[in-house]
There are 4 protein chains.
Amino acid sequence: MKELSRIGVLTSGGDAPGMNACIRAAVRRALAEGLEVVGIRRGYAGMIDGDFVEMDRLSVSNILQQGGTILKSARSKAFRTKEGRERAAEHLKAHGVDALVVIGGDGTLEGATRLGEEHNIAVVGCPGTIDNDLFGTDETIGFDSALNTALESIDKIRDTADAHDRLFLIEVMGRDTGFIALSCGIGGGAELVLIPEMLTDMGAIKERILSLMSSQSRSSIVVVAEGDELGGAQKIAEALREESAFDDIDTRVTVLGHVQRGGSPTARDRVLASRLGNAAVEALLEGHSGVMVGIVNNDVKLTPIRNVWGRKKEVDYDLLQLTALLS
Amino acid sequence: MKELSRIGVLTSGGDAPGMNACIRAAVRRALAEGLEVVGIRRGYAGMIDGDFVEMDRLSVSNILQQGGTILKSARSKAFRTKEGRERAAEHLKAHGVDALVVIGGDGTLEGATRLGEEHNIAVVGCPGTIDNDLFGTDETIGFDSALNTALESIDKIRDTADAHDRLFLIEVMGRDTGFIALSCGIGGGAELVLIPEMLTDMGAIKERILSLMSSQSRSSIVVVAEGDELGGAQKIAEALREESAFDDIDTRVTVLGHVQRGGSPTARDRVLASRLGNAAVEALLEGHSGVMVGIVNNDVKLTPIRNVWGRKKEVDYDLLQLTALLS
Amino acid sequence: MKELSRIGVLTSGGDAPGMNACIRAAVRRALAEGLEVVGIRRGYAGMIDGDFVEMDRLSVSNILQQGGTILKSARSKAFRTKEGRERAAEHLKAHGVDALVVIGGDGTLEGATRLGEEHNIAVVGCPGTIDNDLFGTDETIGFDSALNTALESIDKIRDTADAHDRLFLIEVMGRDTGFIALSCGIGGGAELVLIPEMLTDMGAIKERILSLMSSQSRSSIVVVAEGDELGGAQKIAEALREESAFDDIDTRVTVLGHVQRGGSPTARDRVLASRLGNAAVEALLEGHSGVMVGIVNNDVKLTPIRNVWGRKKEVDYDLLQLTALLS
Amino acid sequence: MKELSRIGVLTSGGDAPGMNACIRAAVRRALAEGLEVVGIRRGYAGMIDGDFVEMDRLSVSNILQQGGTILKSARSKAFRTKEGRERAAEHLKAHGVDALVVIGGDGTLEGATRLGEEHNIAVVGCPGTIDNDLFGTDETIGFDSALNTALESIDKIRDTADAHDRLFLIEVMGRDTGFIALSCGIGGGAELVLIPEMLTDMGAIKERILSLMSSQSRSSIVVVAEGDELGGAQKIAEALREESAFDDIDTRVTVLGHVQRGGSPTARDRVLASRLGNAAVEALLEGHSGVMVGIVNNDVKLTPIRNVWGRKKEVDYDLLQLTALLS
């Protein structure tokens, strides 16, 4: 095996709080090991364009607590083609980059694996996505921050829901998965949580809401993951309003949206991201490739990316029942 | 003039952070003066229903920092009729309520005045609305809190806008007025601010955004008040997307919504609300009626509600220019 | 075994964010199972005084997001005596309380076990302490919230440290343990972390700080757990100031203090507390006693309290090295 | 008068949230007017050392929301001497700097004035200090942010005070002035506020606290400005503990400290700082010198710095009474 001397770092896909902390850890660990580090800007799009920047200790100073990603992110159609990855690999070789730390979600890891296999480049992935649905790690970078951001908003909406005895449908992120919705449901004291993993039974939902609102003439919060079967909070609200029994219920919708992606990462995300960025470089140094670093039962664990791919982590269905029980 | 012995307190219209601090101040000042205090729940709707509750020191303890309103709020169509106000007045008399402190916006103050004039009840209003558009006070209760909530969201969205070189249209509250939007524009470093007080020139807007996005391939934030001429951020986004020049610009919309109404009030709103709740009782004790208490140039000032009515406070147009200059 | 019909709930020891969420979960789960619930106020002190309050669904509504504990807490010397516990047990029996859910730290759990054994009362403990040092659970209720509060303060201090090129010693909670300090160190980008579990080598510390401050004339943050060997941040600062090499280094101390105990719990603490409160009642229903419920590797686990006692959970020493590596 | 072509910008004295927003506004307004801008790092210390940096639009991008000051700050003894100021002036002339925008407190403004008068350099000051005590402006940059930071901490401490029925003495910043303490007192629902502007009558204080704590066996919060007559919260606590009547009162002290200086500025501080930075450049362009820009009754106002000097703005004593009345 060729000795490692120069590695590239990139972020790709949807940005997540903690990505900067992960970049910082990877860069500083690599420098501490005597490696050189190149930042690749705008993910695979920048790799194809050769948008590279040399990184030293100061490049990553004072970014630990910042949301977003200083390397920027992008989605690249070209990289999904063999030709695109060829151009990317040429740039890497021209810059003497032997190995990559890639930070992102499912698609990002898949792209890295293909590139690595086709062009003999070592790649280690870090799970960076607010969705928390990656197999191979108990938690992904950004999940805890996004969750707390969503929950703070729900707390605020609860104030106004209570003041007016309203029904609020609050849509949180999660196109394919209900991790954020579920934890927001319990943490926000929601009366109901709708997630993509479950069928949406409008009949049962209507009945439950009507019984909640009538029995005590009080407010209710329903948390809806954006990927809910019916297509999000707005659609649910429309379905409710069709029913005449809902004429007297003041129903409002709030779509929290991109706010959930930004902001300073929580303590947990900073520690997680620091551990994973560090572990990724360590894995490269130990000769691994095609793996994702994760934390499982509080230990660093490597999982072949091919196993991560297309394999969703399951939500904890007990939490659904707990929400109903406690609300 | 009849001696004051028992007053009622209510909140009405859209809730605003700081309303609880205002209730607390009014109740405690009144108790300190030897008056009895009745809380009227759910605004004028509760007044018509006789939904009254006796209040003492402890009724308002530990609410200073809470969003929403412990007395709840509601909109009442019945109170807009003479008959409705008659029923309300009967309940007040049955409960021995001589005078009212009403906390809310334009419509709330108008309703109080009619009630007071028709049924010889002393009423003093406190300006409670996040919109800040009431004439007779430099600031309304809730404005500073709503503004900071909106701004925190914009800061977060800026992270993700920067990471992806995106254009974000962020809609903030303000159906008739641009106070929140303007301050968010300056405070959030927005590139453009659209407010109801100004015509929306889509041609100029497109040109400016294109020049911003092309010159530096960077992100942009446009803050849109919900009452903007075109009808809010979603409408603006649709108008932009019609233009082929916008095909390559990743444009997103976030509607902040009801989050802005809730949450713990800021220091400024707590102090303001405490001063005004106190001043309202003082005004009643001095024999005033049909007036709103406000803070003008840092002093308490009474303004006849009839002058407040339908008369909007003007935004500071210099701030619009400043936003453009600094972005 | 006697059928369970009426349980008591209490919080004791230092308060922690999430205690209210735990009370709520225990109460609502118990009510859902047809049990009656008695709240015992001010921990064991209140138990001895018979300060009991009947609880229903509404007693715990809208408390999920509140810091502190609605049942209040206290330390009781009397309860450490056999006589004290006897008086307590008499009150429990007089009120028909068969079983207890106790929420608190080490001492709280110990007291409960003694009471249970001496008077044949079923007790299940929930780990509630910001210190996170209880054996038998990966995390304690309140830890994540306290950590984030401390970190937000450190972020703010970093601003002013940077502006003035200062050395800041920041003391965080942790009389016997460095969990908060360690995570704050990594999450806050501290240059050094001092924890009770490690000897404090002032020579090495001075050397490292001097090298940091001189090499780049920059700011440094040292996080000190209150139970550090030398006795906290103030003591460390005094030791540094004795050295003439520190004459030119502007050294400041901030003791974060009780701020870390309060505030709205984080999402993680709310979910944890809800799961544990629920699990505690479940454990009682299944006939367990003398056990603590915890979450280990994401599953609920019961641990005999006698095993928890006096047995500290170990900090992750790798995190110490990681802090040094990344700073 | 010589045409203006190149200005310097600096921050000096204690840092305050919003200083960066003020720098940004001054730089961008100056650039918009065709001026060149030089940043002077580390205040007057950097001016004497010639620590200058050229500034363009991008130098100040993405700093609006950041605490601290990108130009750093320092206190300089040398600048208090004529020789020091001479060296500083030489550097300014060598760099072609005609005029200065200085951001800071009392001492900063005084230094600028002396420099300006001795060396014929135009200077305009911006009031930047969390203390809010500068004459000539209703509010100083940083006050609103510091106040909210302090208040958030007080809210958290209230949780734990309530849980344990404790007396908390909370020390906030304000060496010579009680602005922060007063607003925190009202906003935090404090039972008592001690400020430097008032004599501290320990007898009366003890009596009031004892009456509060005994009557209801409840918690109390006393807010103490650091410059209180007795010398801060720790001293007050010691005086209380001497009294045997306080033996049974669990009394705690928290000194909030430097946390109050950092953090992202509030909306209000961002708008204020942006207006003032802009106004300072405008004042220079109009030929003014030796003046401070401020906002009085919502309008920009220029005040000769010689009038600002040593002349304290008065706190609003009515707020003291209001705190007592409402608590």
Side-chain angles (χ1 to χ4, degrees), chain A residues 21 24-25 27-29 32 57-58 60-65 138 143-152 154-155 158 162 180 182-189 216 218 264-275 277-279 296-300 316 318-319 321-323 325-327, chain C residues 21 24-25 27-29 32 57-58 60-65 138 143-152 154-155 158 162 180 182-189 216 218 264-275 277-278 296-300 316 318-319 321-327:
Chain A
R24 170 180 177 267
V27 169
R28 293 209 164 156
R29 173 62 191 267
R57 284 189 66 77
L58 290 183
V60 293
S61 93
N62 217 19
I63 67 166
L64 173 61
Q65 78 285 11
D138 288 345
F143 169 62
D144 190 59
S145 304
L147 177 55
N148 278 287
T149 296
L151 194 54
E152 281 165 30
I154 293 174
D155 283 355
R158 173 73 77 185
D162 279 349
I180 292 180
L182 261 180
S183 288
C184 275
I186 292 194
Q216 321 183 257
R218 59 165 188 166
S264 186
T266 58
R268 188 167 182 82
D269 267 330
R270 296 189 201 182
V271 173
L272 175 69
S274 299
R275 289 179 74 187
N278 177 63
V296 175
N297 293 344
N298 209 29
D299 284 322
V300 171
D316 184 349
D318 290 351
L319 295 184
Q321 291 179 298
L322 192 55
T323 303
L325 189 70
L326 301 184
S327 72
Chain C
R24 170 179 176 268
V27 170
R28 293 211 164 157
R29 174 63 192 266
R57 283 189 65 78
L58 290 182
V60 293
S61 94
N62 216 18
I63 68 167
L64 172 62
Q65 79 285 9
D138 289 344
F143 169 63
D144 190 58
S145 304
L147 177 54
N148 277 289
T149 296
L151 193 55
E152 280 165 30
I154 293 174
D155 282 353
R158 172 72 77 185
D162 279 349
I180 292 179
L182 261 180
S183 287
C184 276
I186 292 194
Q216 323 184 253
R218 59 165 187 164
S264 185
T266 57
R268 189 167 182 82
D269 267 331
R270 296 190 200 180
V271 173
L272 176 69
S274 299
R275 290 180 72 186
N278 177 63
V296 175
N297 294 345
N298 209 30
D299 284 322
V300 171
D316 183 349
D318 290 351
L319 295 185
Q321 290 180 298
L322 191 56
T323 302
L325 188 72
L326 300 186
S327 74

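As the structure is a computational prediction, the values presented were derived from the model and not from experiment. By convention in this document, chain letters (A, B, ...) are assigned in the order of the sequence lines, proteins followed by strands, and residues within each chain are numbered from 1.
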> Residues in side-chain hydrogen bond (donor to acceptor under 3.5 Å, both in side chains) with C:Arg29, at least two apart?
Replying inline: C:Glu33, C:Asn278, C:Glu282
>> Once side-chain contact (heavy atoms from CB on, under 4.5 Å) is applied, do any residues pair with C:Asn297, and if so which ones, sequence neighbours excluded?
In response: A:Asn297, C:Asp138
> Which of these, C:Leu147, C:Leu151, C:Asn148, sits in a side chain to side chain contact (heavy atoms under 4.5 Å, CB included) with A:Thr266?
Replying inline: C:Asn148
>> Can a donor-acceptor pair be found, under 3.5 Å and without considering hydrogens, that links the side chain of C:Arg268 to the backbone of A:Asp144?
In response: no
> What residue in A:Leu322, A:Asn62, A:Asn298, A:Val296 has the most heavy-atom pairs under 4.5 Å with chain C?
Replying inline: A:Leu322
>> For chain A, which candidate among C:Arg158, C:Gln65, C:Arg28 shows the most heavy-atom pairs at distances under 4.5 Å?
In response: C:Arg28
> Taking all non-hydrogen atoms of both residues, which atom of A:Gly187 and which atom of C:Val271 are closest, and how far apart?
Replying inline: N-CG2, 4.5 Å
> Under a 4.5 Å heavy-atom cut-off, does chain A meet the side chain of C:Leu319, its backbone, both or neither?
Replying inline: side chain
>> With a 4.5 Å cut-off on side-chain heavy atoms, are C:Arg275 and A:Asp316 touching?
In response: yes
>> For C:Ser264, which atoms come within 4.5 Å of any heavy atom of chain A: side chain, backbone, both, or neither?
In response: side chain
> For C:Leu326, is it the side chain, the backbone, both, or neither that has a heavy atom closer than 4.5 Å to a heavy atom of chain A?
Replying inline: both
> Measuring heavy-atom distances to chain A, does C:Asp162 have an atom under 4.5 Å in its side chain, in its backbone, in both, or in neither?
Replying inline: side chain
> What's the shortest heavy-atom distance between C:Arg270 and A:Ile186, and which atoms?
Replying inline: O-CG2, 4.4 Å
>> To check you understand the geometry: which heavy-atom pair defines the closest contact between C:Leu64 and A:Gly188, and what is its length?
In response: CD2-C, 3.7 Å
>> Does any backbone or side-chain atom of C:Ala32 lie under 4.5 Å from a heavy atom of chain A? Answer side chain, backbone, both or neither.
In response: side chain
